[in-house]
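Beneath this line is the structure, given in structure tokens, with notes to follow.
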Amino acid sequence: MRMSAFFLPTLKETPTEAQIVSHRLMLRAGMIRQTSAGIYSWLPLGWRVLRRIEQIVREEQDAAGAQEVLMPTIQSADLWRESGRYDDYGKEMLRITDRHEREMLYGPTNEEMITDIFRTFVKSYRQLPLNLYHIQWKFRDEIRPRFGVMRGREFLMKDAYSFDIDAAGAKRSYQAMFLAYLRTFARMGLKAIPMRADTGPIGGDLSHEFIILAETGESGVFCDKQWLDLDVLAEAPNHGDDLQAFFDRFTSIYAATDEKHDADDPSTPKDLVSARGIEVGHIFYFGTKYSKPMNAAVAGPDGEPVLVEMGSYGIGVSRLVAAIIEASHDENGIIWPDAVAPFKVGLINLKPGDAETDRVCGDLYAGLGASGVDVLYDDRDERPGVKFADMDLIGLPWHLVVGPRGLKNGTVELKRRATGAREELSVEAALAKLIA
RNA sequence: CGGGGCGUGGCGCAGUCUGGUAGCGCGCCAGUUUUGGGUACUGGAGGCCCCCGGUUCGAAUCCGGGCGCCCCGACCA
């Protein structure tokens with residue numbers, strides 16, 4: 001993409017409404033545009049990142065055996081009456097009336113709808129286990145939306161729902177999602193720590209919040225120091241393996257949000273890290289909470305109907321965009337982890353109009369593109385300072401700087417955004433390094 | 001929802017107390033200049049001053065009523 005043609009409305013100054021760094025940077029980098037409180041349009045740069053994140057989530061859900069569906073945003077109130085949640089959910093649910101005076105709602109979550117789909121089509125235990133997920137916009141009419149897309153009212157969420165014939169199966173489904181979550185966040189360059197969470201009326205140990213440590217996090221958290229150096233991907237087993245040992249290991253290292261933290265509990269380690277955290281995922285097992293009122297049962301081996309055991313598993317996809325920025329930025333702007341970067345390389349032409357510089361940039365742009373490398377080519381007729389500042393702001397992992405001064409010696413400069421490390425390379429070497 | 005604050009060109013703000021033809025910086029357009037970290041100069045475009053009503057010869061400014069947004073607290077991916 002040529003920057004001269006790319007719709008990238010960056011801002012030099014920070015809009016007053018933005019308080020936290022991710023919100024400020026998303027506005028300044030031209031990623032989003034607020035349309036009303038807690039509701040945002042995604043501009044090209046932001047949309048690219050959102051899609052990258054979404055795709056990682058999708059791949060890890062698929063790898064864990066979940067199957068993607070897509071349910072609507074608008075739901076009928078009837079389903080929610082059946083589960084009893086229509087009245088329980090309260091004002092957070094946006095209620096709508098259609099032209100026939102039918103009561104509808106903009107879905108804040110999809111347990112009822114997925115359970116309805118399930119009970120319609122699944123009739124035998126032999127069709128289990130089943131895990132269905134979708135990535136869809138949700139609406140929760142938060143009392144006070146804030147922090148940009150971190151706590152929006154409309155947000156993109158991945159929600160998965162597992163169905164099993166018994167509690168043991170449900171536990172295996174839960175463990176598979178637990179693993180998928182650790183892998184998902186690790187792939188995005190995040191350290192997400194699973195923390196014991198409130199299980200509600202079900203009890204047991206089967207609910208975890210996945211928390212990213214960040215100063216601007218909304219919850220206070222406590223965890224064992226060893227979490228800080230843990231390499232989850234290195235220890236992660238494969239799906240299909242027995243996950244019990246892995247699950248036991250990662251749930252035994254202490255981590256709790258302040259609601260669940262108990263400093264007086266003898267099992268609480270002394271060597272604790274106290275920090276702030278952002279919740280990016282939440283998984284829980286809830287048994288027959290929905291299958292019972294909605295009568296989602298299958299025939300068991302003996303032919304008798306059995307209520308299915310369910311769990312649900314959420315990831316805040318749009319929130320992750322902000323969470324990643326909170327975890328990865330500096331005073332100059334965003335630092336995208338490679339896996340979610342909107343472009344891999346920012347190619348800076350320091351002197352458009354200079355024949356040699358234009359030629360080399362053109363070659364690099366074409367060469368990278370031909371190898372499938374996403375490049376944002378700054379071919380604008382702007383001062384070098386403007387280009388450097390914009391490139392740092394939008395945080396692409398690699399900056400390839402081409403100007404007459406370097407070309408005199410046959411070199412271009414390659415800068416790593418995260419470290420600031422620069423090296424002078426020949427054009428061919430730079431190309432080879434970025435394609436590798 | 002309780003408490004606080006703010007709505008003035010795209011962004012950041014001044015002007016409001018004390019009514020009198022709407023201003024600054026950035027950005028944008030044109031030109032000159034400059035050319036490796038937001039260059040300088042000149043000229044220009046762009047505003048129902050959130051909305052409705054009232055007071056007044058005259059309202060961004062005063063009065064009444066709405067709406068929107070932000071911040072602090074209780075809830076959440």
Side-chain angles (χ1 to χ4, degrees), chain A residues 9-20 23-24 27-28 30 33-39 53-54 57 89-93 107-110 133 135-160 181 184-185 192 197-198 208-212 217-219 257 259 277-284 312-323 332-333 348-354 357 378 380-393 399 401-408 411-413 415 420 422 424:
Chain A
T10 59
L11 262 31
K12 207 162 164 180
E13 289 172 284
T14 305
T16 27
E17 75 260 21
Q19 299 298 314
I20 65 168
H23 190 195
R24 280 191 226 126
L27 291 170
R28 287 195 51 213
R33 158 85 177 168
Q34 178 169 332
T35 64
S36 55
I39 303 178
I53 292 172
E54 181 184 331
V57 170
Y89 215 92
K91 290 189 173 155
E92 222 181 62
M93 182 151 74
T109 180
N110 288 68
Y133 76 97
I135 299 172
Q136 177 64 292
W137 294 91
K138 305 287 190 292
F139 194 93
R140 291 182 192 170
D141 201 357
E142 297 281 344
I143 297 168
R144 183 152 94 84
R146 61 183 128 173
F147 302 149
V149 299
M150 188 77 84
R151 175 174 300 293
R153 292 194 292 173
E154 187 181 54
F155 57 96
L156 188 61
M157 174 173 160
K158 185 285 299 181
D159 41 325
Y181 274 43
T184 300
F185 299 126
D198 223 331
H208 288 89
E209 290 180 11
F210 289 76
I211 303 274
I212 288 166
E218 291 189 85
S219 8
T257 59
E259 302 112 39
I278 301 166
E279 183 186 355
V280 290
H282 196 166
I283 62 179
F284 41 94
S312 77
Y313 315 89
I315 290 180
V317 177
S318 47
R319 171 180 287 182
L320 272 168
V321 179
N332 296 319
I348 297 180
N349 183 335
L350 284 177
K351 192 167 186 180
D354 178 87
T357 309
D378 193 345
R380 296 175 301 169
D381 185 18
E382 287 287 354
R383 304 269 313 170
V386 173
K387 299 187 178 190
F388 290 132
D390 273 345
M391 204 54 87
D392 283 344
L393 175 63
H399 300 179
V401 183
V402 180
R405 188 184 293 177
L407 289 179
K408 243 179 258 168
T411 63
V412 295
E413 183 182 280
K415 172 182 152 185
R422 302 148 191 258
E424 300 278 331

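Values below: all heavy atoms of this structure, side chains included; hydrogens, waters and symmetry mates excluded. Naming convention: chains lettered A, B, ... in sequence-line order (proteins, then strands); numbering from 1 in each chain.
Of the possible polar contacts, none joining the A:T10 side chain to the A:R28 backbone as a donor-acceptor pair under 3.5 Å is found. Under the 3.5 Å distance criterion, the side-chain polar atoms of A:Y181 are matched with a main-chain donor or acceptor of A:Y313. Distance alone, capped at 3.5 Å, places no donor-acceptor pair between the A:R319 side chain and the A:R151 backbone. Remark: side-chain polar atoms of A:R153 are not paired, donor with acceptor, to backbone N or O of A:I39 under 3.5 angstrom. Side-chain N or O atoms of A:K387 include one that pairs as donor or acceptor with a backbone N or O of A:N349 at under 3.5 Å. When atom types are taken as modelled, the side chain of A:R24 and the backbone of A:Q19 share a donor-acceptor pair closer than 3.5 angstrom.
Across the P atoms, B:A60 and B:G19 are found 13 Å apart, a figure rounded to whole Å. Rounded to whole Å, the separation between the C1' atoms of B:C24 and B:G9 comes to 12 Å. Using P as the reference atom, B:C75 and B:U39 are 48 Å apart when rounded to the nearest Å. Going from the P atom of B:G20 to that of B:G58 covers 15 Å, rounded to whole Å. A distance of about 40 Å separates the P atoms of B:C41 and B:C52, rounded to the whole Å. Comparing B:G64 with B:C13, their C1' atoms sit 29 Å apart, to the nearest whole Å.
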Base versus backbone protein contacts along nucleotides 26-42 of chain B [heavy-atom cut-off under 4.0 Å; B, S, -]: BS------B-BBBB---
Nucleotide-resolved protein contact map, nucleotides 72-77 of chain B, B/S/- at heavy-atom distance under 4.0 Å: BBBBBB
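Neither OP1 nor OP2 of B:C70 sits under 4.0 Å from any side-chain N or O of A:T16. Note on A:Q34: a side-chain N or O is less than 4.0 Å away from OP1 or OP2 of B:C70.
Remark: P of B:G68 and CD of A:E17 are 16 Å apart, rounded to the nearest angstrom.
A:P108 pairs by the side chain to side chain contact (heavy atoms under 4.5 Å, CB included) definition with A:W80, A:Y89, A:M93, A:L105, A:R140, not counting sequence neighbours.
Using a 4.0 Å heavy-atom cutoff across all strands shown, A:T14 reaches sugar-phosphate atoms only and no base atom.
A heavy-atom distance below 4.5 Å is not found between the side chains of A:E279 and A:I212.
Atoms CG and NE2, on A:D378 and A:H399 in that order, are 10.5 Å from each other to the nearest 0.5 Å.
Pairing of B:G73, defined by two Watson-Crick or G-U wobble distances under 3.5 Å, is identified with B:C1.
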